[in-house]
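Structure record follows, encoded as structure tokens.
Below, chain A is the first sequence line, B the second, and so on; all start at residue 1.
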Amino acid sequence: MQHTLNRWPARLDLLQSLSGLLLVLFIWGHMFFESSILLGKDAMLWVTKMFEGEHLFGQPYPLLVSAAAAIVFLLIALHALLALRKFPASYRQYQRLNQHVGSIRHLDTTLWVVQVITGFLLFFLASVHLLVVMVQPDNIGPYASSDRIWSGRFWILYAFLLLVVHVHAGIGIYRLAMKWGPFSAATSGLWRGRIKLTVYCIVAFYLCLGTASLVTYMRIGAEHAPYAGERYDPAIHGAAR
Amino acid sequence: MNTIPVRQQRTLNINVLRHNPHDPESTPRMQAFEVEEADAMTLFVALNLIREEQDPSLQFDFVCRAGICGSCGMIINGRPGLACRTLTRDLPDTITLAPLPGFELIADLSVNTGKWMRGMAERLETWVHAEGLEQLDLDVMEAPMEPALAQQLYELERCIECGCCIAACGTAQMREDFAGAVGLNQITRFRLDPRDQRSDADFYQLVGDDSGVFGCMTLLGCEDMCPKDLPLATQIAFLRRRMVAT
Ligand code: HEM
Ligand code: SF4
Ligand code: SF4
Ligand code: FES
């Protein structure tokens with residue numbers, strides 16, 4: 001009997017959760033690198049150089065950044081393809097889901113719909129962001145990023161992306177815990193409450209961190225608008241601060 | 001002077017979604033009834049009052065009126081629940097009742113959960129599988145079971161197949177072939193049973209796809225609305241882990 005088992009449904013389910021987990025860990029880590037600007041332009045420059053491998057190889061390889069973005073892009077594509085299986089597949093399914101969600105007034109069910117919608121939005125928002133990073137990996141830095149955000153008006157994209165990605169990641173990690181978590185029947189409800197509370201706090205924290213960073217980039221970008229395009233050089237600009 | 005506040009008697013407005021699919025004249029419609037609330041009144045009592053005093057044609061199911069038979073499941077103000085275990089004092093003045101969605105409608109509030117449950121049981125083979133059951137001597141004492149294990153089994157056996165978890169589940173509402181929490185819970189119950197000789201690979205063949213455990217999207221409506229408070233989330237997560245490890 002053993003050899004006739006079709007293991008693909010199990011693998012796909014695991015892969016969906018695994019890709020989601022990796023993406024959440026990525027975005028939560030990414031936030032700290034991105035918000036290095038809060039510690040100043042030099043700190044962010046250091047992080048930029050680190051990702052280009054300059055501290056390791058002595059000279060920058062922006063291709064490393066492109067490669068990292070490509071991996072995240074592939075991960076998102078995989079995750080989205082797997083998630084697509086769960087979308088309502090017909091108008092009838094959509095209708096029944098809609099009616100169900102409307103009448104049942106159940107938070108976790110509603111959160112799933114939020115996850116589907118934010119996931120759908122992420123497909124566009126995250127893709128644009130990642131494509132820009134992939135195509136212009138060398139165009140990242142205290143001034144380069146700020147100019148893109150302010151003079152290039154990318155702040156509109158990033159403000160949406162920030163909110164959407166953290167809501168999606170928060171719900172996702174909560175669902176992951178409930179989907180796989182080995183809680184005993186007696187403590188499952190307790191853990192569910194604790195995890196929910198923790199996730200609320202984490203999402204709130206990242207939204208604050210992200211907003212603070214974005215506002216900082218916008219401020220730097222606005223100040224630097226007349227010289228947009230010029231790169232940050234600690235030897236020239238660092239002393240001025 | 002009497003200062004003890006007397007609870008105001010309420011008049012309940014009970015709206016019932018009525019339809020008889022076997023009557024070609026019938027179209028789905030809401031019908032409103034007024035019922036004087038009494039102390040400790042359940043929806044079971046209210047519906048019987050309506051049927052006795054206002055409309056003998058109203059159809060709904062009851063057997064045990066004690067939350068044991070599972071026949072009185074219905075949608076109460078948008079959520080599934082057992083009518084016999086729902087006190088009107090926990091509900092607002094206006095109560096809307098509808099049949100459980102996802103099951104064949106018999107008429108009004110009566111649905112054929114039995115047919116669905118039987119189909120599920122046959123598909124998931126929810127009975128003890130063992131060699132030589134035919135030759136089993138029923139007069140011989142059964143082998144004893146560890147009390148803790150028996151307790152665990154009993155806990156999962158408490159499901160009354162009321163269908164509330166199917167009505168509470170977005171997945172089951174979208175996908176008609178989804179086994180639902182009731183089915184997945186029963187698989188874990190037989191997996192736990194030492195008398196059942198099936199292996200995890202055997203169970204995988206029954207629930208190892210998107211109409212089984214991998215279809216569940218962990219919306220937890222089942223867990224939150226099971227009137228018997230079965231540990232459905234824990235059981236489904238457990239089954240998912242076991243099936244992935246198979
Ligand atoms: C194009 C982008 C994306 C789409 C279309 C998408 C869509 C979805 C959908 C529909 C679900 C629910 C699936 C289910 O209930 O089984 C989901 C789950 C999840 N998503 Fe996304 N998502 C995207 C990007 C992301 C990103 C960037 C992250 C990380 C920050 C993420 C993290 C998660 C997690 C952890 C889950 C839970 C996984 C699970 O239930 O097994 N997703 N996603
Ligand atoms: S699991 Fe709970 S809600 Fe589902 S049929 Fe059994 S008793 Fe009813
Ligand atoms: S956890 Fe959600 S999707 Fe899974 S069976 Fe329960 S209600 Fe349905
Ligand atoms: S009448 Fe038996 S459960 Fe309600």
Side-chain angles (χ1 to χ4, degrees), chain A residues 1-18 83 85-90 92-113 115-116 171-172 174-189 191-192 196, chain B residues 75-80 96 98 101-102 152 155-156 166-176 188 198-205 207-225 229-246:
Chain A
M1 194 176 235
Q2 210 96 357
H3 52 273
T4 60
L5 286 189
N6 175 10
R7 287 211 170 68
W8 277 107
R11 289 188 190 131
L12 295 184
D13 198 47
L14 194 62
L15 218 54
Q16 159 144 41
S17 291
L18 226 55
R85 303 172 307 150
K86 310 283 177 177
F87 278 43
S90 62
R92 192 182 143 70
Q93 286 195 355
Y94 166 78
Q95 234 180 351
R96 296 199 68 162
L97 180 70
N98 221 0
Q99 199 203 334
H100 174 73
V101 173
S103 84
I104 202 124
R105 291 167 289 130
H106 177 246
L107 181 63
D108 285 22
T109 302
T110 309
L111 287 181
W112 184 77
V113 177
Q115 199 168 24
V116 170
I171 303 173
Y174 164 69
R175 199 178 305 290
L176 275 184
M178 296 316 294
K179 201 168 167 179
W180 299 97
F183 309 115
S184 73
T187 59
S188 159
W191 279 109
R192 188 173 167 199
K196 226 176 209 171
Chain B
I75 298 292
I76 306 158
N77 284 347
R79 290 192 183 139
T96 303
Q152 252 183 308
E155 178 67 18
L156 305 181
I166 300 301
C169 170
T171 310
Q173 290 307 308
M174 279 200 292
R175 309 187 48 141
E176 268 153 31
T188 63
R198 281 179 287 184
S199 66
D200 274 354
D202 297 330
F203 288 120
Y204 189 100
Q205 295 221 311
V207 292
D209 61 14
D210 277 6
S211 65
V213 71
F214 301 125
C216 163
M217 305 189 291
T218 321
L219 310 179
L220 301 183
C222 58
E223 161 98 2
D224 293 338
M225 284 173 219
D229 288 328
L230 263 74
L232 298 173
T234 332
Q235 292 310 117
I236 296 173
F238 172 76
L239 188 59
R240 193 190 296 275
R241 294 195 306 273
R242 293 312 319 156
M243 291 299 101
V244 163
T246 305

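- With contacts defined as side-chain heavy-atom distances shorter than 4.5 Å, the pair Asp224(B)/Arg192(A) qualifies.
- Taking chain B as the reference chain and counting heavy-atom pairs below 4.5 Å, the highest number among Gly189(A), Ser188(A), Pro182(A), Ala89(A) is found for Pro182(A).
- Only the side chain of Leu14(A) comes within contact range of chain B, judged by heavy atoms closer than 4.5 Å.
- With rounding to the nearest 0.5 Å, the separation of CG in Asp13(A) from CZ in Arg85(A) is 6.5 Å.
- Residue contact with chain B, scored on non-hydrogen atoms closer than 4.5 Å, is absent for Ser90(A).
- The part of Arg92(A) that comes within reach of chain B is its side chain, from C-beta onward, which places non-hydrogen atoms under 4.5 angstrom from that chain.
- Heavy-atom pairs under 4.5 Å with chain B peak, among Arg105(A), Gln99(A), Gln95(A), at Arg105(A).
- Comparing Gln173(B), Glu155(B), Met243(B) by heavy-atom pairs within less than 4.5 Å of chain A, the highest count is held by Gln173(B).
- Under 4.0 Å is where a charged nitrogen must lie from a carboxylate oxygen, and between Asp108(A) and Lys196(A) at least one such pair does.
- Between chain A and the options Ile236(B), Leu232(B), Asp209(B), Leu230(B), the largest number of non-hydrogen pairs under 4.5 Å is found for Asp209(B).
- When only modelled atom types and interatomic distance are considered, Tyr204(B) and Arg242(B) share no side-chain donor-acceptor pair under 3.5 Å.
- For the atom pair CD of Gln93(A) and CD of Glu176(B), the computed distance is 9.0 Å after rounding to the nearest 0.5 Å.
- Residues Glu223(B) and Met178(A) are not in side-chain contact: their nearest non-hydrogen atoms beyond the backbone lie 4.5 Å or more apart.
- Between atom OG1 of residue Thr171(B) and atom CH2 of residue Trp112(A) there is a gap of 7.0 Å, rounded to the nearest 0.5 Å.
- Proximity to chain A involves both the backbone and the side chain of Phe214(B), based on heavy atoms less than 4.5 angstrom apart.
- Interface remark: Gln235(B) contributes no atoms to any contact with chain A (heavy atom separation under 4.5 Å).
- Interface residue Ala168(B): backbone and side-chain heavy atoms are both found under 4.5 Å from chain A.
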